[in-house]
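What follows is a short report on a single structure.
Just so we're clear, the structure is a prediction, and the values are computed from it rather than from any experiment.
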Amino acid sequence: KAIVFVFQELRDDMPSILADVFCILDIETGCLEEKHKRDHFTQLVGACLICVPDGMLKERLDPETLESLGLIKQAQQFNQKIVKIKTKLFYKQQKFNLLREENEGYAKLIAELGQDLIGNLTSHLVLENIKSLIGCFNLDPNRVLDIILEVYECRSEHDEFFIPLIKSYMCEHQTLCHMLGFKFKFHQEPNGETPSSLYHIAAALLQHNLIALEDLYVHLLPLDSSIVEEHKREILEAKQIARKLTMVLVPSEKTEDKEKEKEKEEEKNEKPPDNQKLGLLEALLRIGDWQHAQSIMDQMPAFYATSHKAIAIALCQLLHLIVEPLYRRYGFQTHALSWALRPAESFDDLSRGVFTMLCYLGPHLSHDPILFAKVVRLGKSFMKEYQNESRQDTKDKMDSLLSCFLSTADQVLLPSLSLMECNACMSEELWGFFKLFPYQHRYRLYGQWKNETYGNHPLLVKIKAQTVDRAKYIMKRLTKENVKPSGRQIGKLSHSNPTILFDYILSQIQWYDNLISPVVDSLKYLTSLNYDVLAYCIIEALANPEKEKMKHDDTTISSWLQSLASLCGAVFRKYPIELAGLLQYVTNQLKAGKSFDLLILKEVVQKMAGIEITDEMTVEQLEAMTGGEQLKAEGGYFGQIRNTKKSSQRLKDALLDHELALPLCLLMAQQRNGVVFSEGGEKHLKLVGKLYDQCHDTLVQFGGFLASNLSTEDYIKRVPSVDVLCNQFHTPHDAAFFLSRPMYAHQILSKYDELKKAEKGSRQQQKVHKYIAACEQIMAPVHEAVVSLHLPRVWDDLRPQFYATFWSLTMYDLAVPHNAYDREVNKLKIQIKAIDENTEMPLNKKKKEKERCTALQDKLQEEEKKQLEHVQRVLHRLKLEKDNWLLAKSTKNETITKFLQLCIFPRCVFSAIDAVYCARFVELVHQQKTPNFCTLLCYDRVFSDIIYTVASCTENESRRYGRFLCCMLETVTRWHSDRAIYEKECGNYPGFLTIFRASGFDGGNKADQLDYENFRHVVHKWHYKLTKASVHCLETGEYTHIRNILIVLTKILPWYPKVLNLGQALECRVHKICQEEKEKRPDLYALAMGYSGQLKGRKVHMVPENEFHHKEQPVRSATSGTLQNGPGNTGKPAAAATAGKAEEGAIITKITCHTKGSKEKEDKEKTTKEKKEKKDKNPGSTPEAKAGGKDKQKEEKPTDSKEKTPKADKDKRKDDKKEEKSKIDGKSAEKEWSKERDVSNDSKTKEGSKVEKNAGAGSMKSLVPRSEGVESERGETALPLSLANQKGGNQKALPAALVLSASHGCALSFHTGSSKHSKSASPSESPHSNDKDNSKRSKSTSKDKSDLAKPEKTSGGKKESRHDKEKSEKKRDSTGAKEEKKQYPLMP
């Protein structure tokens, strides 16, 4: 007992443990045969009765054991009693579960729940009655709950009654959940359909937390895995449908497929699957329980639930309720709603759940266009608030809402628009919202919409395929004739799926450029949003990295890029599309060093502003381009683009609003060189040239647009000064002045108007003075600014004022195109007359057209008058400025070099107008009698060495250069054509001086002027030089040389060739090019054939050489000219002067056409022998000596060179060299007859063959562009100008040769003398020339060697001529000694 009590104190459950032990021992001992063991067990249990309760032993021990212990009387009676208790406990029903068992009680219960709930009846009163019924009729409580749910299901609208009743009645949550689950399972039979009322009560119970969603969810079908499989199957089916639509099928197969698809859709529509989860979800949404609804949607694939229309509509209705108060607040009219769930009162409230709901809704917002419009309008209101918000902290808070709206637009609004069928109103609503975003945000949205959205939803996959299929159908039938009906179909299709439609249309345009015009016309039914999407699609197509922008030959731009560029120009001009994105794209491409896309900018500016850039202008167009803006628009372009006012204004606004005007200009100016040095490294030379031309042309076009469309203030505000452009932005000088030029014109006119208003003087003279004052005020800072552009030594010859004047003026300032104005006015008069005669035109239209023509006519006449006054003012200003233009501190040759290098050559290839301007400016400087300007030398430098310039030009530059040469030749030809014109325009002008004195120009000294006949010789020499250069370029075999010279020759065809034999030489060489290039290079063949045909047509205008310039030996003047280069040479006879000149390095240029065969060998042998003798007498006078001592002569001073020739030798040469002399127009210019006879006769044959040999060895190994190679050396090396006797087949000498020694003294010497029957040979076989050969040229020999030797051997002849010569020399000595002359060194 003690042990038992101890254990009992230790554990409370000790009696139960002991009872269990006794139970086991009871079973064990009952099976034993030994009775004493059983007795011992009985005694043990009896001893333990103190600590183990009797009841516990009765539960666990056998009845017989209990009887032996005395706990029960009889075991049999005890067993009977247990059976009765168990039956009563487990098998006898206390409450009635079945209705038939207690029909009265359940009937009363149903009546109680089904009574009319109107009045004071509450759930509490009903619950009390239910409790009474349960107690009275012994009703089962669970069956009562089931009946309550059944009645609730039938009267589901009375949530406010039944929910409190169930809450009050409530037993365990699990019991209620199992009852609902049992009800759902009952309807899961194959043909069963779950009633909506059951979904409703389940949703209501979930909403009030009477049951848990996870408990109920397991009772619902189908399983989540089945839903995922179904979703995958739908995506696969959609892709298969899309694939079928893109496949080419036989019509019969197509109809079969369509029928099958219809059958499948009908089956789906007939038997929609009974998805209890979706039904419950719909019910939850309808009662506004978003939390549980979201939990169910999270269990399913994205957008699977909302792809069912009922759920999407339920979610839309819920959203209506939430956004309604906010929607009303912003003044939108709507119907009143009875109930709202946590309404949104501000934009911040939208972030609580509205954006999330919308994201779950996704593209299926398309089911409710009204909600779509509400969301869009709310977004529009938010954006206006956001843009008007000035406080930064508030704006930062609003940024999160902005990102939410952007996400909604990306994931909901745009995909929903794709599923709406042809709803243009929604498209316009959406544009009202989108236009408040910057284009970067919009384009990002369009990119997501086009490239990602359509792959995320099965329905959108189908829609995309259907849209492409429909687009194909429309595009196949689109023509110019059916633009209107096709345009309507395109418009319908574009309202919903513009990205897909435009992507296909653009792909077709890239292949077929003839679609551009009908497509552009058919786009008139698009909405504003669609136009914006079109702009994005175009940019995306342009930026496609998979497309090559060059053709496979790597020499031309791809046709797809050209097609898209044309489309851009047409579309952006015709329709109000925002340009910012396209302009920024071009800018970004330029920043990246890519110039292909400038083609787009070129087309856009051309179409929108009507500014056309082409080098193929006619003479009439070019003339019109020198007038005012109205004349340019009417007569300056090929296609007169009307009504560009609005489109050009849109382009201007886009450039100014996004600050792209100046950056584009600067990038284009810098990219010109970038094309060559950065971009063109691996590209074909032809393509590099095209890209350079495209870049340059676009710059000119774009700059012209800015100049004509920007106001003065806008232009001045954006364009910095020329020194800033050049030094800080590294803009090339020509482009910098091109951009600054309109600014100077604007400023001068503004200042001029200001001065006119200040002093109201009506006299013309006063106006001119005010204009000059305005120019001085505006241009003075420019004169200072340009000084930093070049090295200081440049300004030793050119004044900054002259430099700035040249670059700041245009053709508009120099001349009035009266013919062009008259031509356009006459056209308008003819139009008016045609309108009057047109009887079919309605009267009102006739009146409008006449008024338009009359107004245009008045504008042109007013513009002509205005330009005339302007030109007069400018010319007066130039007349006053000209004396300070050229300083000529070094030499006239250096001055001309710098003028050509820094002014003429850069600008003459800038544009066609600038080419004309350069030629006219040279003529103007000559006409103004500008001091220190040698017109003759300038023209000689232009015509003599065109090889280098032509070789370094691009295709378009060569056209402009050819136009420049054409204008220069036009002037020269006019002077050449008539002695009266020459005498009037050149005879007494300083530009045609043959001698330059330090004292200045003496207009009355005819001996210093170039006479008319010698000028004709010079012109012939220029023509010959042009021929020789042309033949050389044609013979090089280089693509660029041949193409460029053919272009130049075509341009100068009206004025060259004029000489028959030169034309024949060209014709022969061009014919050879035609034969050689026919199969190799078709473009060169086409150029050559075109030129050849035109050249043949010009043959009738060509003249023999003896008609072009006088070849007959004229009567010699009585005196021979001496070198008038300084006091040191005064009084020297011609021979001595020639020898001194030779020593000082004056190079006499010779052009030869060598003969072949034995005649050449004989000449060579004889000449070599005579050469040695002549060399012993005067080593410095031979070309070899000159070439050998070239470097030394550069270092020698003039006085040293003079001392090297003894006086006796000079006198001897003077006596030995007797020539026939004649008086030419009374001039006593320098004529070196002795040099003509000596040097030319001795060295002709040898030097001719030597030149030929050198040329054959490859004379053009180091072709250096004029601007870098030749021009840079001309500061030190004088360019001589001479016309030497040309050696023909019969070795006949020319009648006259002009030697223009362009040394520092710029003395001009003329040679006259030839045989009567001289004839120039064709230069087609003339040798190639190089830089060294230029210093080795000598004069040609006459045919008769006896004639050459005659003056040396015979002292007879015309004695009076010699006498006259000596007289003239003495007279010149006496006059020359009195004059102060500046001695200039002669440099080779």
Side-chain angles (χ1 to χ4, degrees), residues 231-232 234-243 245-246 297 300-309 312 315-316 355-369 371-372 375-376 379 403-423 426-427 429-431 433-434 437 439-471 493-507 527 529-530 532-541 543-544:
H231 181 66
K232 289 180 179 177
E234 285 179 358
I235 292 177
L236 191 62
E237 286 177 2
K239 289 180 179 178
Q240 287 177 349
I241 292 170
R243 198 178 298 115
L245 286 173
T246 56
M297 293 171 79
M300 301 176 181
F303 306 111
Y304 173 81
T306 50
S307 63
H308 295 78
K309 186 175 181 181
L315 185 53
C316 290
F355 290 125
T356 309
M357 292 181 192
L358 286 170
C359 289
Y360 275 97
L361 190 58
H364 306 290
L365 180 60
S366 57
H367 293 300
D368 194 344
L371 180 62
F372 185 97
V375 174
V376 169
S403 63
C404 289
F405 272 111
L406 285 170
S407 298
T408 303
D410 176 28
Q411 299 175 27
V412 182
L413 298 178
L414 290 174
S416 299
L417 187 65
S418 297
L419 295 178
M420 290 183 183
E421 287 190 11
C422 188
N423 198 331
M426 290 299 103
S427 180
E429 280 283 354
L430 195 56
W431 174 244
F433 176 33
F434 276 14
F437 291 125
Y439 75 89
Q440 295 93 333
H441 290 358
R442 296 200 310 271
Y443 287 1
R444 177 69 184 273
L445 292 171
Y446 301 151
Q448 292 281 107
W449 187 18
K450 177 177 179 291
N451 301 315
E452 294 184 17
T453 303
Y454 284 96
N456 295 338
H457 314 291
L459 201 54
L460 288 175
V461 172
K462 293 180 187 175
I463 290 292
K464 179 179 179 180
Q466 291 167 3
T467 304
V468 172
D469 189 52
R470 183 64 184 166
L493 204 56
S494 69
H495 296 332
S496 304
N497 298 279
T499 55
I500 305 303
L501 172 66
F502 296 146
D503 190 47
Y504 180 77
I505 290 176
L506 291 175
S507 68
T527 62
L529 176 67
N530 296 342
D532 200 46
V533 173
L534 176 60
Y536 165 76
C537 289
I538 289 173
I539 295 170
E540 190 188 51
N544 187 353

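- For Y439, there are no side-chain hydrogen bond (donor to acceptor under 3.5 Å, both in side chains) partners, not counting sequence neighbours.
- Counting only heavy atoms from C-beta outward, the side chains of F502 and S494 approach each other to under 4.5 Å.
- Separation of atoms NE2 (H367) and CE (M420) is listed at 10.0 Å; rounding is to 0.5 Å.
- When the salt bridge (charged side-chain N to carboxylate O under 4.0 Å, His left out) test is applied to K450, the partners found at least two apart in sequence or on another chain are D503, E540.
- Between the side chain of S496 and the backbone N or O of S418, no donor-acceptor pair lies under 3.5 Å.
- When side chains are defined from C-beta on, F355 does not count as touching Q411, because their heavy atoms never get closer than 4.5 Å.
- With contacts defined as side-chain heavy-atom distances shorter than 4.5 Å, the pair Y446/D532 qualifies.
- Of all the heavy atoms in A541 and L506, the pair that sits closest is CB-CD1, 4.3 Å.
- The shortest heavy-atom contact between L445 and A409 is CD1-CB, 4.1 Å.
- The shortest distance between side-chain heavy atoms of N530 and S427 falls below 4.5 Å.
- Of all non-hydrogen atoms in G362 and V412, the two that sit nearest each other are O-CG1, 3.4 Å.
- Residue Y454 comes nearest to T499 through the heavy atom pair CE1-OG1, 3.8 Å, listed as atom of the first residue, atom of the second, then distance.
- With sequence neighbours excluded, the residues that form a ring pair (Phe, Tyr, Trp, His ring centres under 6.0 Å) with F303 are H457.
- I505 places a side-chain heavy atom less than 4.5 Å from the side chain of L501.
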### Task
Output, in order, the C-alpha distance, side-chain angles, deciding distance and verdict of side chain to side chain contact (heavy atoms under 4.5 Å, CB included) for L430 and L414.
CA-CA 9 Å; L430 195 56; L414 290 174; 3.6 Å; yes
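- Taken to the nearest 0.5 Å, the CG atom of L315 stands 14.5 Å off from the NE2 atom of H308.
- In this pair, Y443 and Y536 present their aromatic rings tilted. The plane angle is within the 30 to 60° band.
- Taken to the nearest 0.5 Å, the CG atom of L236 stands 10.0 Å off from the CD1 atom of I241.
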### Message
Before you tell me yes or no, could you show the steps for Y504 and I500 under side chain to side chain contact (heavy atoms under 4.5 Å, CB included), namely the whole-Å CA-CA distance, both residues' side-chain angles and the distance that decides it to 0.1 Å?
### Response
CA-CA 6 Å; Y504 180 77; I500 305 303; over 6 Å; no
### Message
As a quick check of understanding, evaluate side chain to side chain contact (heavy atoms under 4.5 Å, CB included) for N497 and K464, giving each step before the final call.
### Response
CA-CA 8 Å; N497 298 279; K464 179 179 179 180; over 6 Å; no
### Message
Assess the residue pair F437 and L406 against the criterion (side chain to side chain contact (heavy atoms under 4.5 Å, CB included)); give the C-alpha distance rounded to whole Å, side-chain angles, the decisive distance to 0.1 Å, and a yes or no.
### Response
CA-CA 9 Å; F437 291 125; L406 285 170; 3.6 Å; yes
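- Contact between P458 and I235 at its shortest, heavy atoms only, is CG-CG1, 3.4 Å.
- With N423 contributing its side chain and M426 its backbone, the two residues share a donor-acceptor pair below 3.5 Å.
- Using a 4.5 Å heavy-atom threshold, the side chains of D368 and F372 count as separate.
- Heavy atoms only, all atoms of each residue included: S416 and L365 are closest at OG-CB, 3.2 Å.
- In this structure, CD on E429 lies 11.5 Å from CG on L413, to the nearest 0.5 angstrom.
- Here the CE atom belonging to M357 is positioned 11.5 Å from the SG atom belonging to C316, to the nearest 0.5 angstrom.
- Rounding to the nearest 0.5 angstrom, the gap separating the CG atom in L529 from the CG atom in L417 is 6.5 Å.
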